[in-house]
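A short write-up of the structure that comes next.
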Amino acid sequence: MPEVPFRKLFLFLVPIILQGSVWGSPSCASEREYQLREGRCCSKCPPGHYMVNRCTPIKDTECRPCREGVAYNANWNTRYQCQPCRQCVGVLAYRSTCSLTADAVCTCRAGLFCANEDCLLCLSPLARDSALKKPYARPSRRQSRKLKSTKTLRPPKKKGKHRGSLRKRQIQQQLHLSTL
C-alpha cells in the first residue's frame, strides 16, 4: 500500500522537475544567453553587434552590427547601442584603430611618453623623469576636506561698471598699439 502514494507523487513531480519549475529555470549559458522572466533562454548579441529588440516567447533577440570605425562592442551583450570608439587626437596617435569588436588604442607621438597604461595623458621626457622620481603624495584628511569644500575653481566674476571699464581700457590699448 505505501507504494501507491509514492508512485502518484513520482508521476506528479516528474513533469514539474523536467520543466525546471522545482529546481529552478533552465540554465542559460551566461556568456551567450540571457533569461526571460518566463524562463526562456534568449541569445545575446555577438561581439560587434547591438540589440535592437529583446527576445519574446516566440521570437529570438534581434541584433544589428555596430558602425565600423565609429563604435564597437567587445563582448556578447544585451546593450541597445554600441560603445563609441576612442579618438586619438592632439599629441595622441593611433597604435591600433577601432574595429567592430575592439576599441582604438592610443599612444603618444614621437618624443612623448604615456603617463599611464591607458595613455590618457602624454608627458615630455623631463616631466616623465621628474614624475618617476617624485612619488604621489596622498593628501591628508584635512587637505582633502578643504579640496571638497571649495565651491568654485575660477575667480568670481566682476560686476557692473568695473568689468566694462576694464574692457574699454583693453580696447584703448589695442588701438594705441595698432597706431604705433
Side-chain angles (χ1 to χ4, degrees), residues 19-20 24-139 141 143-158 163 167 170-171 174:
Q19 284 181 338
S25 4
S27 95
C28 300
S30 63
E31 182 181 324
R32 295 181 180 212
E33 293 180 318
Y34 66 97
Q35 190 170 349
L36 283 181
R37 287 185 187 144
E38 297 85 31
R40 178 175 180 225
C41 291
C42 300
S43 301
K44 288 183 177 180
C45 294
H49 292 74
Y50 67 97
M51 185 165 58
V52 178
N53 292 310
R54 292 184 77 81
C55 79
T56 66
I58 58 170
K59 187 178 174 187
D60 200 14
T61 308
E62 184 182 348
C63 303
R64 288 201 185 131
C66 301
R67 289 182 52 204
E68 181 81 42
V70 176
Y72 75 100
N73 271 332
N75 303 311
W76 288 86
N77 68 84
T78 56
R79 292 187 177 119
Y80 283 104
Q81 59 188 9
C82 297
Q83 311 272 341
C85 291
R86 181 176 180 193
Q87 301 296 309
C88 303
V89 294
V91 295
L92 295 172
Y94 287 97
R95 182 183 298 163
S96 63
T97 57
C98 187
S99 71
L100 290 175
T101 58
D103 197 6
V105 178
C106 299
T107 188
C108 294
R109 297 201 184 271
L112 299 173
F113 301 92
C114 292
N116 58 14
E117 192 176 309
D118 294 332
C119 203
L120 299 174
L121 178 69
C122 295
L123 299 174
S124 68
L126 182 62
R128 184 188 76 161
D129 292 343
S130 66
L132 291 175
K133 290 177 189 173
K134 190 177 188 181
Y136 170 73
R138 186 176 184 179
R141 285 185 178 175
Q143 289 171 328
S144 64
R145 275 193 222 124
K146 285 182 182 178
L147 290 173
K148 288 178 185 175
S149 68
T150 306
K151 290 185 180 178
T152 59
L153 297 176
R154 52 188 128 118
K157 292 182 180 179
K158 294 181 180 177
R163 185 171 45 160
R167 181 70 182 137
Q170 289 173 341
I171 293 171
Q174 288 174 352

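Computed from heavy atoms alone, side chains included, the values below leave out hydrogens, waters and symmetry copies.
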**Heavy-atom check, side chain of Q87 versus side chain of Y94, under 4.5 Å** = yes
**Request:** Please step through side chain to side chain contact (heavy atoms under 4.5 Å, CB included) for the pair N77 and K44, ending with a clear verdict.
**Result:** CA-CA 5 Å; N77 68 84; K44 288 183 177 180; 5.9 Å; no
**Request:** Quick one: pull up CD in E31 and CG in N75 and give me the separation to the nearest 0.5 Å.
**Result:** 7.5 Å
**Message:** How about C108 and C114 - are their SG atoms less than 2.5 Å from one another?
**Reply:** no
**Prompt:** Is the closest side-chain heavy-atom distance between E33 and T78 below 4.5 Å?
**Reply:** no
**Request:** Kindly determine whether S43 and Y34 satisfy side-chain hydrogen bond (donor to acceptor under 3.5 Å, both in side chains), including the steps that lead there.
**Result:** CA-CA 6 Å; S43 301; Y34 66 97; over 6 Å; no
**Within-4.5 Å side-chain heavy-atom neighbours: D103 and Y72** = yes
**Request:** Give a yes or no on this: more than 12 heavy atoms of other residues, nucleotides or ligands lie within 6.0 Å of atom CZ of R54.
**Result:** yes
**Prompt:** Are any non-hydrogen side-chain atoms of C45 and N73 less than 4.5 angstrom apart?
**Reply:** no
**Prompt:** Do C63 and Y50 come within less than 4.5 Å of each other through their side chains, counting heavy atoms only?
**Reply:** no
**Complete:** Between the CZ atom in R67 and the SG atom in C85, the distance rounded to the nearest 0.5 Å is 10.0 Å
**Prompt:** Does atom CD of E38 have more than 12 heavy-atom neighbours from other groups under 6.0 Å away?
**Reply:** yes
**Item:** Non-hydrogen atoms of P125 and G111 that approach each other most closely
**Value:** CD-O, 3.3 Å
**Message:** Distance check, rounded to the nearest 0.5 Å: Q35 atom CD versus S30 atom OG?
**Reply:** 11.5 Å
**Fill in**
Between T61 and C42 the two heavy atoms that sit nearest each other are OG1-CB, 3.9 Å
**Message:** Please check this pair: side chain of N116 against backbone of L120, looking for a donor-acceptor N/O pair closer than 3.5 Å.
**Reply:** yes
**Item:** Polar side-chain atom of R79 near backbone of M51 as donor-acceptor pair, under 3.5 Å
**Value:** no
**Prompt:** Are C122 and R109 close enough that some pair of their side-chain heavy atoms sits under 4.5 Å apart?
**Reply:** no
**Item:** Spacing of CZ belonging to R64 relative to CG belonging to N53, to within rounding of 0.5 Å
**Value:** 8.0 Å
**Spatial distance of atom CD1 (I58) from atom CZ (R40) [nearest 0.5 Å]** = 9.0 Å
**Request:** Drop me the distance from C55's SG to L36's CG, to the nearest 0.5 angstrom.
**Result:** 3.5 Å
**Item:** C106 and C119 SG atoms under 2.5 angstrom apart
**Value:** no
**Item:** Closest heavy-atom pair and its distance - A71, C66
**Value:** O-CB, 3.5 Å
**Message:** Checking R86 against L92 for the side chain to side chain contact (heavy atoms under 4.5 Å, CB included) test, could you report, in this order, the C-alpha distance in whole Å, the side-chain angles of both residues, the deciding distance, and whether it holds?
**Reply:** CA-CA 11 Å; R86 181 176 180 193; L92 295 172; 4.0 Å; yes
